[in-house]
Amino acid sequence: MAAATPQPASRTRSWWGWGWTDAHPDDAECVAMGALVPGSLSRPLPVPRVRDLGIGRPAVEPPASLAGLVGSDPADRAAHAMGKAYRDVVRALRGRPGRIPDLVARPADEQGVADLLDWAGDRQVAVVPYGGGSSVTGGVEYRGGAHRAVMSLDLTAMGRVLEVDTEGRAARIQAGTLGPSLEDQLRPHGLTLRHFPQSFEFSTLGGWLATRAGGHYATGRTHIDEFVQAMRVVTPAGTSASWRLPASGAGPSPDRLFLGSEGALGVITEAWVRLQERPRHKASAAVAFADFQAALRAVRALAQSDLAPANCRLLDAGEAALSGAARDGCAVLVLGFESADGPVTGRLERAVGLARSYGGRYEGTGRPDAAPGEAREGDAAVRAWRSAFLRMPYLRDGLARMGAVAETFETAATWDRIPGLIEAVRTEVGAAALQATGHPATVNCRLTHVYPDGAAPYFTVLAAGRAGDEVALWDDLKAVAGEVLHRHRATITHHHAVGRDHRPGYDRQRPEPFALALRAAKGALDPRGILNPGVLVD
């Protein structure tokens with residue numbers, strides 16, 4: 001059994017923004033970025049301090065039997081008050097983080113989770129499950145007033161790979177295991193889960209499962225769902241433990257009930273997940289398109305082929321310029337292939353040839369490339385995109401300090417709706433921002449995941465803010481976007497979960513009979529209504 005890998009002692013997580021404090025843009029960099037967004041502040045908002053929040057004493061105290069699992073340090077409570085969405089960052093910058101949890105609990109095992117839920121139910125304490133805290137949809141905060149107190153249930157003390165089946169290429173892993181630690185513990189076995197969301201460094205297996213997270217694969221196994229064999233979930237009504245099976249047709253899947261449930265039905269404590277050999281053969285390329293519509297057709301052809309690229313991300317001209325992948329007004333298609341058992345350059349060449357048949361321009365070498373943390377040489381555009389991809393959340397926080405709106409949202413729709421959807425989002429969100437601020441906005445798009453029958457567009461919005469009213473402005477723009485998505489029958493989220501921010505869109509999207517069944521499940525599994533109140537159902 002491998003031991004959990006601790007985070008580096010020399011680095012500190014930001015309580016108010018993304019990632020590590022030492023990776024945040026400094027004031028000069030913030031000012032330089034703000035100069036690119038009309039209407040930004042002349043100087044950045046100060047970095048917020050926990051002591052300025054005036055955090056009071058907890059409304060409840062845990063019993064002696066649980067005291068070793070529960071703490072009430074103000075800084076710890078502030079760090080667990082919100083996720084990492086733009087609206088969360090701005091609220092922290094403005095000193096309005098919302099409801100601070102009274103307690104932060106860190107159970108070390110499944111029994112500790114059960115004991116904490118029992119106590120919380122008896123005392124009417126809301127319990128908000130918390131993995132790495134990277135939620136961007138309001139999934140880890142409390143927005144209500146019906147509970148006596150709020151407890152953030154941090155699972156990261158449960159961070160071990162408990163068992164590895166090398167013959168079946170699977171592992172039993174605790175839900176609080178952070179991405180880097182998970183991969184470190186699998187590496188000695190020559191295996192990998194190979195699920196790399198952008199939040200990989202700061203998110204957990206349980207968080208991925210609870211939110212049905214999307215990973216780095218652009219085709220095939222795009223979501224964590226495809227990797228799950230079995231799960232254990234602690235609920236106030238008991239523990240659900242599904243059988244470990246390669247497949248089953250025995251009625252509705254119990255795992256499907258809890259995948260995407262966001263802690264509203266139970267607390268995921270561990271899972272058996274499917275693994276694979278670590279890839280040894282990798283190749284990547286970037287193809288430029290002068291015509292974005294032609295690029296869309298090329299990507300659809302790739303998705304409907306048998307090539308199955310690991311990476312197939314299309315950046316429109318604005319997104320390509322923002323990432324440094326291209327600055328000549330062209331869209332850029334980033335392609336990547338990988339394999340554990342044989343060369344992939346042939347597949348890459350076929351994919352590039354297909355893209356060229358739709359007007360794509362390729363001038364690179366297609367030399368071997370790598371996954372995050374295993375860098376090798378590759379096309380300059382690919383390297384630029386990857387670097388910008390990992391850096392972008394930090395830059396967003398820097399723009400937030402300059403009073404600008406800098407945020408993203410994603411969706412998915414069938415191919416027949418994709419062109420009209422993208423154009424409508426660009427036009428209508430841009431027009432709403434101009435009307436609200438008096439300044440033009442930038443609305444960029446990239447495709448992050450593609451399927452034979454559709455794709456997942458991911459939008460970036462850069463707009464002037466309204467000093468002191470940035471959250472309301474973003475909420476208004478998000479509402480406009482939600483209306484466009486609904487009109488085009490595009491999902492309210494492809495891989496970022498519902499949380500609280502997407503509830504209005506989710507309520508409109510799901511069929512009412514399913515909503516009825518979900519409310520019944522909530523009532524049966526969480527009869528006292530303590531688990532993540534306000535998520536998915538009321």
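Numbering starts at 1 and runs along the sequence shown.
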Distance-only donor-acceptor check, side chains D154 and T156, under 3.5 Å: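 Yes - a donor-acceptor pair under 3.5 Å links their side chains.
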Between the main-chain N or O of [Y] and the side-chain N or O of [X], is there a donor-acceptor pair closer than 3.5 Å?
X    : Y    : result
Q293 : P419 : no
R503 : G534 : yes
D526 : L265 : no
E428 : A481 : no

Worked check of ring pair (Phe, Tyr, Trp, His ring centres under 6.0 Å) between F200 and H216: CA-CA 10 Å; F200 172 75; H216 86 292; 9.6 Å; no
Pairs satisfying side-chain hydrogen bond (donor to acceptor under 3.5 Å, both in side chains), at least one member in residues 88-97, at least two apart: D88-R91, R91-E141, R94-E470
Holding to side-chain hydrogen bond (donor to acceptor under 3.5 Å, both in side chains), I want the full list of residues that pass it with [X], two or more places apart in sequence or in another chain.
X    : result
H494 : Y451
T493 : E410
Y506 : none

Set of salt bridge (charged side-chain N to carboxylate O under 4.0 Å, His left out) partners for R212, sequence neighbours left out: D225
Point-to-point distance, once rounded to the nearest 0.5 Å, from CG of L447 to CD of E319: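 Spacing of CG (L447) from CD (E319) equals 10.5 Å.
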Quiz item: cation-pi between R426 and F292, 6.0 Å / 45°: yes
Qualifying ring-ring contact (aromatic ring centres under 6.0 Å, His included) pairs, either residue in residues 407-427, two or more places apart: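 Output for this query lists F409-F459.
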